[in-house]
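The structure appears right after this line, and notes come after that.
The figures that follow rest on heavy atoms only: side chains count, while hydrogens, waters and symmetry mates do not. These figures come from a predicted structure and were not determined experimentally. Residue indices begin at 1 and follow the sequence shown. Read the numbers this way: they start at 1 and go in the same order the structure lists the ligands and their atoms.
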Amino acid sequence: MTTINNPFVMYGYKGAEYFCDREKETEKMMTSLHNERNITLVAPRRMGKTGLIHHVFQQLEKQYDDVKCFYLDIFATKNLEQMVQLMASEIIGKLDTISQSALRKVQEFFSSWRPTLTIDELTGIPTFSLDLKPNEGRESLKRIFEYMKQSGKRCYVAIDEFQQIMNYPENGVEALIRSYIQFLPNVYFVFSGSQQHMMEEMFLSANRPFFQSSLVMSLPCIAESKYLSFANRLLSSQKREVDVDTFTYIYSQA
Ligand SMILES: Nc1ncnc2c1ncn2[C@@H]1O[C@H](COP(=O)(O)OP(=O)(O)OP(=O)(O)O)[C@@H](O)[C@H]1O
Ligand SMILES: [Mg+2]
């Protein structure tokens with residue numbers, strides 16, 4: 001295993017070793033997704049939503065065969081087309097084993113949008129981008145969902161910063177996505193966001209498309225005692241330790 005300089009991870013997810021607690025939430029998310037329930041994760045900034053999604057996805061892929069997890073962060077997308085383009089690059093081609101015939105199949109499946117293929121020099125992983133004309137977002141989104149459906153694989157798709165879709169200029173993106181997800185027997189979703197009121201409005205208002213479409217979860221702070229033992233486990237490898245009083249002080253400042 002590669003060691004990292006700072007075991008207290010500031011960005012991204014570096015593996016279960018550096019991930020503290022969240023046992024109950026991990027279990028709840030894994031069980032719900034396995035039982036074909038979509039999840040909505042709502043919690044304030046920096047509470048650990050993104051980390052938890054990666055953690056759950058890593059466990060799911062480890063535990064079950066033929067499961068494929070996709071993580072999309074749509075924070076930087078400004079409209080439906082950009083979201084579709086992001087989905088295309090993350091998802092298309094990743095459900096097939098890399099072979100000439102599989103790549104040809106993908107090319108044919110998305111032929112209306114002349115997919116361009118780039119291959120990562122280091123990993124050999126193919127990435128597709130689509131040639132989308134204005135107003136083709138809806139059709140191509142549908143095609144991406146069809147692609148996941150026909151793969152026969154069990155797919156989990158996380159859309160992080162999901163409230164961003166409310167800022168898209170196109171009308172009815174919420175209803176559009178909602179209408180697709182209910183007809184995909186092998187694809188389940190995690191919608192995550194930190195804008196509490198926007199997320200709650202979308203998922204808890206009876207007049208909105210996503211009403212009662214998923215299990216809504218929030219994330220509490222990690223308990224002090226759990227984090228103390230986690231910190232000391234990591235520090236012990238550097239032959240260091242933090243005492244309870246010092247830790248209580250640091251914890252109360254956070
Ligand atoms: N369970 C955990 N154990 C250890 N570190 C964690 C844990 N959860 C989150 N972190 C760390 O805390 C920081 C914030 O977590 P994360 O990015 O997951 O939060 P977030 O809720 O997605 O925040 P934002 O709303 O800003 O996207 C990250 O550096 C992450 O590595
Ligand atoms: Mg996040």
**Item:** Lys/Arg-Asp/Glu bridge criterion (N-O < 4.0 Å) met for R154, E36
**Value:** yes
**Prompt:** Can a salt bridge be assigned to the pair E17 and R233 using a cut-off of 4.0 Å between side-chain N and carboxylate O?
**Reply:** yes
**Request:** Enumerate the protein N/O/S atoms at a distance below 2.8 Å from the Mg ion (ligand 2), ignoring waters.
**Result:** T50 OG1
**Request:** Please work out which of the three classes, parallel, tilted or perpendicular, describes the rings of F19 and Y13, given edges at 30° and 60°.
**Result:** perpendicular
**Request:** Compare all side-chain heavy atoms of D21 with those of F230 and state whether any distance is below 4.5 angstrom.
**Result:** no
For ligand 1, what N or O to protein N or O distances fall under 3.5 Å?
unit_1: ligand 1; atom_1: 1 (N); unit_2: C20; atom_2: N; d: 3.4
unit_1: ligand 1; atom_1: 1 (N); unit_2: C20; atom_2: O; d: 2.8
unit_1: ligand 1; atom_1: 3 (N); unit_2: C20; atom_2: N; d: 2.7
unit_1: ligand 1; atom_1: 18 (O); unit_2: T50; atom_2: N; d: 3.3
unit_1: ligand 1; atom_1: 18 (O); unit_2: G51; atom_2: N; d: 2.7
unit_1: ligand 1; atom_1: 19 (O); unit_2: G48; atom_2: N; d: 3.0
unit_1: ligand 1; atom_1: 21 (O); unit_2: M47; atom_2: N; d: 3.2
unit_1: ligand 1; atom_1: 21 (O); unit_2: G48; atom_2: N; d: 3.0
unit_1: ligand 1; atom_1: 21 (O); unit_2: K49; atom_2: N; d: 2.9
unit_1: ligand 1; atom_1: 21 (O); unit_2: K49; atom_2: NZ; d: 2.7
unit_1: ligand 1; atom_1: 22 (O); unit_2: T50; atom_2: N; d: 3.0
unit_1: ligand 1; atom_1: 22 (O); unit_2: T50; atom_2: OG1; d: 2.7
unit_1: ligand 1; atom_1: 23 (O); unit_2: R46; atom_2: N; d: 2.9
unit_1: ligand 1; atom_1: 25 (O); unit_2: R45; atom_2: NE; d: 3.2
unit_1: ligand 1; atom_1: 25 (O); unit_2: K49; atom_2: NZ; d: 2.9
unit_1: ligand 1; atom_1: 26 (O); unit_2: R45; atom_2: NE; d: 2.8
unit_1: ligand 1; atom_1: 26 (O); unit_2: R45; atom_2: NH2; d: 2.9
unit_1: ligand 1; atom_1: 27 (O); unit_2: E161; atom_2: OE2; d: 3.4
unit_1: ligand 1; atom_1: 29 (O); unit_2: V9; atom_2: O; d: 2.8
unit_1: ligand 1; atom_1: 29 (O); unit_2: M10; atom_2: O; d: 2.5
unit_1: ligand 1; atom_1: 31 (O); unit_2: V9; atom_2: O; d: 3.2
unit_1: ligand 1; atom_1: 31 (O); unit_2: G12; atom_2: O; d: 3.1

**Message:** Could you check whether R208 makes a cation-pi contact with F203, meaning its NZ or CZ is under 6.0 Å from the centre of the six-membered ring and within 45° of the ring axis?
**Reply:** no
**Prompt:** When the aromatic ring centroids of F210 and F162 are compared, is their separation below 6.0 Å?
**Reply:** yes
**All pairs passing salt bridge (Lys or Arg N to Asp or Glu O under 4.0 Å) where residues 96-113 contributes a residue, at least two apart** = D96-K105
**Request:** Taking all heavy atoms of F183 and all of S179, pick out the closest pair and write down the distance.
**Result:** CD1-O, 3.1 Å
**Item:** Contacts of type side chain to side chain contact (heavy atoms under 4.5 Å, CB included), residue T50, not counting sequence neighbours
**Value:** H54, Y71, D160
